[in-house]
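Only one structure is covered here, and it is reproduced in the block below.
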Amino acid sequence: MLFNSFQFAIFFPVLIGLYYFIPHRHRWLLLLISSYFFYSFAKIEYIFLLMGSTLVNYTLGLLMSGTPKKRRKPYMWAGVFLNIGTLFLFKYFNFFSRSTTSVFAALNIHQDVPMFELLLPVGISFYTFQSLGYILDVYNGKVPAERRLNIFALFTAFFPPLLSGPINRARDLMPQFKQPHPFDYQNVTQGLRLILWGLVKKMVIADHLAVYVNRVYNHAGDYQGIALIIATLFYTVQIYCDFSGYTDMARGSAQVLGYDLMENFRHPYFSKSLHEFWQRWHISLSTWFRDYVYIPLGGNQVTKWRWRYNIFITFLVSGLWHGANWTFVVWGALHGFILILENATRHFQRRLADRLFPGKASMLNQGIQVAITMCMVSFAWIFFRANSVSDAFSIIRKMCLIGIEGFGLKQAGIDIVGIPQFIFLLFMIVLLFGVEMWERRGWVQEQVENLPLTARWAIYTVACWSVLISGIFGVKQEFIYFQF
């Protein structure tokens, strides 16, 4: 079931009514049944995979409970093997089979590598990592093993973050299922506003940008530099609105029910460095890789070269997590390389900035840093969005030749969406960043609450009608992160 679907518009109000009507001691059952029902809309057979993952990780957690750390190691490795093995089978087996076949073909070796026709279960990367994080935390003694199967099942299957995150930690989310959550008007209204803003991001901004982006990137050979640059910048906004929109809807849905999910985005495109970007972008995933990959490799408590190796490997694995395609691997490697280069030159950057722009807090200095970071991130998104690595390099080559074909409306590909729609997209992008700037200076929901009633409801009405019109007449796009 999708947050931006008619089914959810019926499902969620009914759930809210039942949730606050029944006693606290029975709510876990309602939430668990509702979560499995929610997931069944993706493909009902995959509920059994989710249940199997729940039972295996619950059992392994119990087996590690109360035993010395040395004796927990076999159970920990069993958890790592089973979780990563399941993810590998469904998501990566065919990718590695095709890659192996290509290597054999290049070596003139005729070898048939087996392939499996398996559909990728929606959300498997998210709930697998969440469960694996629990296993590793129990092994390291950071959380006690959960003895109540119903609570652990809810932790694994809770519907708001189930399909696309955020990836929650057991120590943060699991205790909340044991606490009573009485009806709180402020929680409910703030949650509903967050859902509405997420719907605007997804349906009004991201889905409309996708029309232009998909046309250009899926037919990259038909377009020249200026259209490809516009499509890349549009994709930079699209992927943010698409995924942060889902996160807003997930966090808002949970908040209405009284639960607090991990923050996943914190105005990432206002970052002044790539390091800062990764502190603000997909926070639940970046901190997961930090805690369970980067730090176990040694983090920064090693030699300088080993530290750089740790960064590069972490981002390489992060790229592969995003998808079974070499484009994602290159994207991860590119981020790792730029981060290493950024760190190696940070003293030179500071001296240059101090000389060119005296006063580290100067607006011009910060603005240039934000612009440079935005350009680096957008450049890397080319590999993330391109259909193949060769397509990505072809797009970059054409971007470098910008100016040869001119700068007219035809060269910009405005005919893809038409001039009025193109102007509308630009307006929505400006509106998005305007709200983001407003939000950075103070929690925007609190400021909206202080507006006069008529002004507040005017904003809500415009937002609701925009979502409704986009849902009826717009081109509905799948959430980008459903492929992960």
Side-chain angles (χ1 to χ4, degrees), residues 69 73 76-77 79-80 83-84 87-88 92 125 129-130 132-133 135-137 139-142 165-167 169 171 262-323 326-354 360 365-366 368-370 372-384 389 484:
K69 191 170 183 179
K73 188 166 287 188
M76 182 273 289
W77 281 115
V80 171
N83 282 287
I84 298 300
L87 193 59
F88 178 85
Y92 300 108
S125 296
F129 266 35
Q130 186 160 296
L132 182 56
I135 291 293
L136 295 172
D137 282 348
Y139 168 74
N140 289 310
K142 294 181 178 180
I167 302 170
R169 303 300 177 88
R171 64 176 179 267
M262 184 177 183
E263 185 181 14
N264 219 13
F265 291 90
R266 199 180 296 128
H267 318 116
Y269 289 149
F270 290 95
S271 303
K272 297 185 287 294
S273 66
L274 199 62
H275 175 76
E276 184 183 348
F277 173 81
W278 279 106
Q279 293 177 325
R280 295 171 174 269
W281 177 273
H282 205 338
I283 299 167
S284 66
L285 181 67
S286 59
T287 54
W288 196 99
F289 276 109
R290 179 198 66 196
D291 293 344
Y292 302 118
V293 178
Y294 174 70
I295 291 177
L297 285 172
N300 60 358
Q301 305 301 310
V302 290
T303 63
K304 185 175 290 186
W305 284 106
R306 178 55 192 254
W307 171 73
R308 290 169 178 169
Y309 168 84
N310 293 344
I311 289 179
F312 190 76
I313 291 299
T314 300
F315 275 92
L316 205 63
V317 175
S318 172
L320 187 60
W321 177 89
H322 280 84
W326 286 110
T327 53
F328 299 112
V329 177
V330 173
W331 171 81
L334 187 59
H335 269 275
F337 174 77
I338 295 174
L339 265 171
I340 293 169
L341 184 64
E342 181 179 87
N343 182 269
T345 60
R346 69 182 186 278
H347 298 301
F348 169 76
Q349 293 176 49
R350 287 175 186 170
R351 289 197 300 269
L352 182 63
D354 289 343
K360 292 182 180 179
N365 185 9
Q366 292 184 34
I368 290 174
Q369 290 177 38
V370 169
I372 292 173
T373 303
M374 184 80 156
C375 288
M376 290 190 297
V377 171
S378 298
F379 177 79
W381 285 137
I382 296 171
F383 290 93
F384 198 93
V389 174
F484 310 139

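The figures here come from the full heavy-atom set of this structure, side chains too, leaving out hydrogens, waters and symmetry mates.
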- prompt: So L334 and M376, side chain to side chain contact (heavy atoms under 4.5 Å, CB included) or not? Walk me through it.
  reply: CA-CA 10 Å; L334 187 59; M376 290 190 297; over 6 Å; no
task: Taking the side chain as every heavy atom from C-beta outward, state whether V80 and L136 have any pair of such atoms under 4.5 Å apart.
output: yes
query: Can you tell me how far OG of S273 sits from CD1 of I372, rounded to the nearest 0.5 angstrom?
result: 11.0 Å
- prompt: About how many Å separate CD1 of I135 and CH2 of W77, when rounded to the nearest 0.5 Å?
  reply: 13.0 Å
Would you give me the side-chain donor-acceptor pairs under 3.5 Å for residues 311-319, sequence neighbours excluded?
residue : atom : partner : partner atom : Å
T314    : OG1  : N310    : O            : 2.7

message: List the residues meeting ring pair (Phe, Tyr, Trp, His ring centres under 6.0 Å) with Y92, not counting sequence neighbours, and say none if there are none.
response: none
message: I'd like to check the side chain to side chain contact (heavy atoms under 4.5 Å, CB included) partners of D291; sequence neighbours left out, ordered by chain and number.
response: R169, I295
query: Do the side chains of S125 and W321 get nearer than 4.5 Å, heavy atoms only?
result: yes
field: Test side chain to side chain donor-acceptor pair (under 3.5 Å) applied to N140 - qualifying residues, sequence neighbours left out
entry: K69
task: With sequence neighbours left out, write down each residue that passes side chain to side chain donor-acceptor pair (under 3.5 Å) with W331, or none if nothing qualifies.
output: H335
- prompt: Within a strict 4.5 Å, meaning less than it, do heavy atoms of the Y292 and D137 side chains meet?
  reply: yes
Euclidean distance, Y309 OH relative to R306 CZ, rounded to 0.5 Å: 6.0 Å
Side chain to side chain donor-acceptor pair (under 3.5 Å) partners of S271, counting only residues at least two apart: none
- line: Between the CH2 atom in W288 and the OG atom in S284, the distance rounded to the nearest 0.5 Å is 11.5 Å
Criterion side chain to side chain contact (heavy atoms under 4.5 Å, CB included) on M262 and I283, from CA distance to verdict: CA-CA 8 Å; M262 184 177 183; I283 299 167; 3.9 Å; yes
- request: Identify, with sequence neighbours excluded, every residue that meets salt bridge (Lys or Arg N to Asp or Glu O under 4.0 Å) alongside R280.
  value: E276
query: If you measure from CD1 on I382 to OG1 on T327, what distance do you get to the nearest 0.5 Å?
result: 12.5 Å
task: With sequence neighbours left out, write down each residue that passes side chain to side chain donor-acceptor pair (under 3.5 Å) with S378, or none if nothing qualifies.
output: T236
- line: The salt bridge (Lys or Arg N to Asp or Glu O under 4.0 Å) partners of E263 (sequence neighbours excluded) come to R266
message: Restricting to side chain to side chain contact (heavy atoms under 4.5 Å, CB included), what partner residues turn up for V377, sequence neighbours left out?
response: Y269, L274, F277, T373, W381
- request: To the nearest 0.5 angstrom, please state how far the CZ atom of R308 sits from the CG atom of L341.
  value: 9.5 Å
